[in-house]
There are 2 protein chains.
Amino acid sequence: MLETRSATKPELAINRLLQIAVEVFAEQGYRDATVREICTRANVNVAAVNYYFRSKEGLYTEALVFAFTELNKLYPYQAAEDVGLPPEQRLNLFIQHFLNKLLDDSHLGIPGKLISREIAEPTKALDIIIAKAIIPQCALLEEIILVLLGGQADKMLLQRCVMSILGQCLMFKHSRSIIDRLFPEAIAGPAAIQASSQHIAAFSLAALQQLKPAAECPL
Amino acid sequence: MLETRSATKPELAINRLLQIAVEVFAEQGYRDATVREICTRANVNVAAVNYYFRSKEGLYTEALVFAFTELNKLYPYQAAEDVGLPPEQRLNLFIQHFLNKLLDDSHLGIPGKLISREIAEPTKALDIIIAKAIIPQCALLEEIILVLLGGQADKMLLQRCVMSILGQCLMFKHSRSIIDRLFPEAIAGPAAIQASSQHIAAFSLAALQQLKPAAECPL
DNA sequence: AATCATTTCAAACAACTGTTTAATACTGCC
DNA sequence: GGCAGTATTAAACAGTTGTTTGAAATGATT
């Protein structure tokens with residue numbers, strides 16, 4: 001029959017496979033990653049991929065979901081969600097949280113890298129990521145911005161402000177190679193990262209404050 | 001002997017090969033692109049790649065340089081370089097120019113895409129791109145920002161402002177898949193793109209204006 | 001026209017890829 | 001112990017890849 005106990009051996013193998021798959025796909029990308037390397041590093045036979053997940057693509061899709069789950073496990077709570085706090089502080093917290101997630105190279109950067117890869121070069125699995133990871137973040141940020149703009153603003157302006165702030169943060173992920181070479185001090189150590197996130201917050205708050213009148217009287 | 005006239009036949013083949021290579025590498029990425037497809041589309045024998053460029057990697061490197069050259073040919077002049085203009089207008093021009101380059105899907109978007117691919121997933125050839133394309137742009141932007149901040153500013157603050165503005169622009173390139181799904185109106189047609197670039201300029205000008213006092217009296 | 005270096009070509013090569021297969025080992029259940 | 005059903009394995013498969021080869025074509029120079 002099927003598994004009666006919770007932690008049967010195959011489930012361990014599947015879990016190990018997913019864990020390693022996230023690493024390898026993140027490091028090398030979908031195409032360069034080989035099922036053989038994944039299986040070797042997971043101490044599993046090559047055929048396991050096709051046995052448990054239908055194909056390499058199937059493994060990739062499930063690895064993406066797994067990465068997202070891990071990511072939420074490590075960074076479960078967004079302090080910025082607390083509507084009791086002043087909006088300026090919420091924006092600050094949001095950016096800090098977001099940037100830390102993006103730049104955490106140690107443990108969490110790995111699933112994060114996989115997800116950012118998927119965004120840069122989307123496969124069919126992108127919609128999973130968008131629905132589960134992107135939309136909630138955007139909604140939260142949009143809500144904070146709306147408060148900062150005085151509670152009323154053109155939908156288009158709102159969206160563009162969301163993109164302005166996300167763009168400043170994401171820069172650190174997708175143009176990491178550039179930053180490493182041209183602005184290495186900006187991410188040298190936790191203090192510098194903290195300062196960078198505070199810059200983004202200050203920069204954006206200043207902009208929003210000045211944009212506020214325009215948002216209130218659009219005509 | 002070697003070619004005595006300027007436009008010998010092999011040079012035409014080499015040029016066609018480079019042109020197509022840029023397209024294919026941009027569309028599919030280095031790994032997914034096959035020398036066979038490149039050669040077929042260029043009406044050239046498969047062996048040509050190894051004959052003229054040592055290897056697939058050699059072709060890629062030269063295609064990168066070729067893409068950059070083409071890019072400069074199509075967008076030769078940066079109106080923002082004109083130091084006679086007011087700095088606000090220069091920033092506006094810079095952003096408009098930059099965003100147009102990034103979003104031009106028709107002709108120029110192709111070499112641009114190849115370059116942005118190289119940034120997201122660097123190979124050994126990245127340093128070529130950085131030296132030839134990135135550093136001059138950053139220097140120009142930095143100079144404009146410095147003027148806007150009152151002629152004097154902390155080097156670190158300057159760099160962070162450069163990143164803030166570049167990040168807002170680059171968002172449209174590397175997170176294109178997200179924008180297409182969540183904010184499609186922001187890039188629907190030239191008018192919307194124009195509006196988006198104007199938003200980034202307004203957003204950034206507002207921020208810089210407010211940051212100006214802090215930059216002037218750092219202590 | 002003959003000679004020479006260069007270019008082009010079809011074919012084959014060797015390595016690697018994801019996937020399948022069929023045999024073997026394992027596990028819980030009667 | 002024997003019998004399911006599942007898991008694991010080594011081996012082979014079929015397809016694709018970048019690259020090489022050696023012969024044929026080309027074209028300028030003598």
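What you are looking at is a predicted structure, and each value in this text was computed from that prediction instead of being measured. The basis for the numbers below is simple: all heavy atoms, side chains too, and nothing from hydrogens, waters or symmetry mates.
At dA7(D), one or more side-chain N or O atoms of Y51(A) fall inside 4.0 Å of OP1 or OP2 (strictly under the cut-off).
Taking the six-membered ring where tryptophan is involved, the planes of Y60(B) and Y30(B) are perpendicular, since the angle between them exceeds 60° and thus also 30°.
Residues passing the side chain to side chain donor-acceptor pair (under 3.5 Å) test with D32(A) are R31(B), sequence neighbours excluded.
Between the CG atom of L12(A) and the P atom of dT6(D) there is a distance of 19 Å, given to the nearest Å.
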Report task. Step by step, work out the side chain to side chain donor-acceptor pair (under 3.5 Å) result for H174(A) and S116(A). Result -> CA-CA 8 Å; H174(A) 57 253; S116(A) 98; over 6 Å; no

Query - Protein-to-nucleotide contact annotation, 5' to 3' order, nucleotides 13-24 of chain D [B base; S sugar-phosphate only; - none; under 4.0 Å, heavy atom] - result: ----BBBBB---

Please tabulate, for the side chains in residues 37-45 of chain A, all donor-acceptor contacts under 3.5 angstrom to protein atoms that are two or more places apart in sequence or on a different chain.
{"residue": "E37(A)", "atom": "OE1", "partner": "Q28(A)", "partner atom": "NE2", "Å": "3.0"}
{"residue": "E37(A)", "atom": "OE2", "partner": "Q28(A)", "partner atom": "NE2", "Å": "3.1"}
{"residue": "E37(A)", "atom": "OE2", "partner": "R41(A)", "partner atom": "NH1", "Å": "3.1"}
{"residue": "T40(A)", "atom": "OG1", "partner": "R36(A)", "partner atom": "O", "Å": "2.7"}
{"residue": "R41(A)", "atom": "NH2", "partner": "E23(A)", "partner atom": "OE1", "Å": "3.0"}
{"residue": "N45(A)", "atom": "OD1", "partner": "A47(A)", "partner atom": "N", "Å": "2.9"}

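The backbone N or O of Q194(B) lies less than 3.5 Å from a partner atom in the side chain of S197(B), making a donor-acceptor pair.
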